[in-house]
Every structure is written in structure tokens, then in C-alpha cells.
A.B. asks: 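Just passing along the structure, written as C-alpha cells.
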Amino acid sequence: MNHPKREKFVMGNWKMNGSQETIHALLTHIKSILIPNNERQQKHIVVFPAFVHLAKTAWMLRQTCLEWGGQNVSAYERGAYTGEISAEMLKDVDCRYVLVGHSERRQYFNETNSIIARKIFASVKAGIRPVLCVGETREDYEAKKTKEKVWAQLDPVLKCENVYPFLSSLMIAYEPVWAIGSGLTASPQHAQDVHKFIREIFADISDSLAGQIPIIYGGSVTAKNIAQIFAMPDIDGCLVGGASLRGEEFQAICHAMLAEPLYG
Ligand code: PGA
């Protein structure tokens with residue numbers, strides 16, 4: 001189900017890592033990556049630093065072709081919610097994207113589908129594009145329940161009345177939980193099958209939506225395995241954790257995406 005104008009992405013999730021010094025060094029390393037002018041609508045490189053490093057990132061990446069986003073966002077708009085960061089605040093430091101429903105948020109911070117739906121609504125209202133993360137656990141995978149689990153994470157959120165009108169600004173990251181940070185990557189065929197399944201869920205809503213929605217893969221992506229992942233027709237990019245903290249390796253992953261044909 002290739003779409004002539006589907007965007008491609010490399011996204012780097014830095015998680016709870018880095019100091020002023022190491023983030024400065026990493027940004028200095030990657031800010032020279034160039035996306036040709038005529039490809040900037042279609043190809044995107046995005047980093048997700050910790051909140052305290054966002055202002056520095058915005059400053060250092062201004063006037064480059066790299067973009068940045070938040071790793072999380074509050075479901076609330078503003079006010080007495082100590083410790084929360086609102087979508088408007090992310091917008092204020094020029095975030096274009098936000099990760100929502102990452103498995104670490106679901107697992108350690110009890111994020112449910114209804115909280116995730118509220119976070120998506122808060123983000124799109126502020127003009128930020130949510131990257132909704134879904135994926136099965138090892139037990140689900142072994143029990144051959146991957147599609148069932150992915151459906152259970154997607155269907156209630158997509159059908160939520162606050163989210164439904166904004167589906168065209170959403171993107172999806174499929175990240176098998178057992179592949180995150182483990183060095184075990186899903187086989188390209190497994191990832192392709194699940195991406196195709198996710199696209200079919202969108203096709204039930206609208207064919208054009210299914211054709212245009214970017215679906216990216218995450219889980220132990222490295223410079224070594226990225227080519228096989230990009231070779232899959234329904235995979236539009238990657239969400240990279242560990243390898244995105246290594247400047248040279250992240251650059252190599254970005255170059256693999258930049259070498260992809262613009263359309264197709
Ligand atoms: P990983 O993390 O690349 O270190 O497996 C991916 C993610 O959690 O987004």
C-alpha cells in the first residue's frame with residue numbers, strides 16, 4: 001500500500017539521558033546533517049531530548065533542517081498540575097512532535113488508553129503532531145497475540161471522539177516491547193506484517209488516511225539493521241533509542257533514510 005507522498009522519518013528518543021555537556025556535544029555532531037531542499041517536506045529527522053534540554057536543542061538546531069519534540073506531554077492544558085509540561089509549553093520551544101504512549105510510560109507510569117487519548121487531543125489542539133507508540137510484550141508475541149494487542153491499543157484511541165477528527169495529523173510508532181533496548185530486533189517481515197495490519201486498521205476508517213499515515217518501527221534499531229527495515233513497503237522510518245545517543249551511528253541511520261527514493 002505505497003503512497004506516492006508518504007513522509008519518511010528518523011526519530012531519536014534520548015529518554016532520560018544526557019547532561020548540558022553531552023547534549024551539546026551530540027547536537028554539535030548531528031546538526032550538520034543536511035536534507036536536500038526539495039526533500040524537506042517528505043523527509044524528517046527529529047530528536048526527543050529530555051524537557052530540560054529542549055530550549056538548548058531549539059537554540060542549537062534553529063536554522064538547521066533537524067526538528068525536535070517532547071518525550072511526553074500533560075493531558076491537562078494548564079494550571080495547578082505540579083511537575084507537568086503542557087502542549088502549549090512544548091509549542092513555545094518550537095516542538096513539532098510529541099511521543100505519546102511509549103511503552104515505558106505505559107509500563108512504569110500506568111498510562112492507559114484514555115490518558116493517551118487525552119494527551120493526543122491536548123497535542124493536536126496546540127498544533128503538535130503526536131507519535132502514538134504501540135507494541136506487544138514478549139508474552140503477547142510468544143502467544144501470537146501481537147495483532148490483538150496492537151489493535152487493543154489503537155482501536156479505542158482512534159475511535160475516541162476527541163481524537164477521531166485529528167487522525168490525519170497522527171503518526172504511529174510500532175515498537176515491540178521485547179525489542180526495546182534489548183538488542184533483539186523484530187524480523188523485518190514481522191515488523192512489515194504488523195505495519196500492514198496497522199495500515200489496514202486505518203483503511204477501515206479511510207483509504208486515503210491509510211495511504212498517507214506514517215508508521216515507523218522502533219526497537220533496537222542500529223546502523224547495521226536499518227537498511228532491511230527501510231526495505232519494507234509499509235515501514236516509513238524508525239524511532240531509535242540507544243543508537244540515537246551515539247552521534248556517528250545516528251548520522252549513519254539518517255543517511256540511510258536520506259538515500260531512500262523520495263517517493264515510493
Ligand atoms: P531502543 O529504544 O532503540 O534503545 O530499543 C527504542 C525506543 O524505546 O523508542
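Keep in mind it's a predicted model, so treat the numbers as computed, not measured. In listed order, ligands and their atoms are each counted from 1. In what follows, every heavy atom counts, from backbone to side chain, and hydrogens, waters and symmetry copies are set aside.
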A.B. asks: Just say parallel, tilted or perpendicular for the rings of F121 and F166, cut-offs at 30° and 60°.
C.D. replies: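 The rings of F121 and F166 sit tilted, inter-plane angle from 30° to 60°.
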A.B. asks: For residues T146 and D140, is any side-chain donor paired with an opposing acceptor at under 3.5 Å?
C.D. replies: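 Not at all, the side chains of T146 and D140 share no donor-acceptor pair under 3.5 Å.
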A.B. asks: Tell me whether ligand 1 is touched by H102 - counting only heavy atoms on the residue side and a distance under 4.0 Å.
C.D. replies: yes
A.B. asks: For ligand 1, is A243 a contact, meaning one of its heavy atoms is under 4.0 Å away?
C.D. replies: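 The answer is no: ligand 1 sits nowhere under 4.0 Å from a heavy atom of A243.
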A.B. asks: Considering only heavy atoms, which of G241, G181, C238 lies nearest to atom 3 (O) of ligand 1?
C.D. replies: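 Nearest heavy atom to atom 3 (O) of ligand 1 lies in G241.
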A.B. asks: For the side chain of R96 and the backbone of I128, is there at least one donor-acceptor N/O pair under 3.5 Å apart?
C.D. replies: no
A.B. asks: Tell me whether ligand 1 is touched by G219 - counting only heavy atoms on the residue side and a distance under 4.0 Å.
C.D. replies: yes
A.B. asks: Find all atoms of ligand 1 within a distance of less than 4.0 Å from any non-hydrogen atom belonging to L239, and give their numbers and elements.
C.D. replies: 9 (O)
A.B. asks: Name the closest protein heavy atom to atom 9 (O) of ligand 1, giving the residue it belongs to and the distance to 0.1 Å.
C.D. replies: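 Going by distance alone, atom 9 (O) of ligand 1 is nearest to E175 OE2, 2.6 Å.
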A.B. asks: Would the distance check show the side chain of R106 and the main-chain N or O of G101 forming a donor-acceptor pair, the cut-off being under 3.5 Å?
C.D. replies: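 Confirmed, R106 side chain pairs with G101 backbone.
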A.B. asks: Near S220, which atoms of ligand 1 are under 4.0 Å from a heavy atom of that residue?
C.D. replies: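 Atoms satisfying the 4.0 Å criterion: 1 (P), 3 (O), 5 (O).
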A.B. asks: In terms of atom number and element, which parts of ligand 1 are under 4.0 angstrom from non-hydrogen atoms of G242?
C.D. replies: 1 (P), 3 (O), 4 (O)
A.B. asks: How are the rings of Y141 and H190 set relative to one another: parallel (under 30°), tilted (30 to 60°) or perpendicular (over 60°)?
C.D. replies: perpendicular
A.B. asks: Is there a heavy atom of A179 sitting under 4.0 angstrom from any atom of ligand 1?
C.D. replies: yes
A.B. asks: Parallel, tilted or perpendicular: which one describes the rings of H195 and Y217, with boundaries at 30° and 60°?
C.D. replies: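 Taking Y217 first and then H195, their aromatic rings sit tilted (interplane angle of 30° to 60°).
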A.B. asks: What part of I180, side chain, backbone, both or neither, has a heavy atom within less than 4.0 angstrom of ligand 1?
C.D. replies: both
A.B. asks: Looking at H255 and Q251, would you say the former's side chain and the latter's main chain have a donor-acceptor pair under 3.5 Å?
C.D. replies: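 Between the backbone of Q251 and the side chain of H255 there is a qualifying donor-acceptor contact (under 3.5 Å).
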A.B. asks: Classify the contact between S244 and ligand 1 as side chain, backbone, both or neither, using a heavy-atom distance cut-off of under 4.0 Å.
C.D. replies: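 Answer for S244: neither.
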A.B. asks: Heavy-atom contacts with N13 under 4.0 Å: which atoms of ligand 1 show up? List them by number with element.
C.D. replies: 9 (O)
A.B. asks: Check whether Q192 reaches the backbone of D234 with its side chain - one donor and one acceptor, N or O, closer than 3.5 Å.
C.D. replies: yes
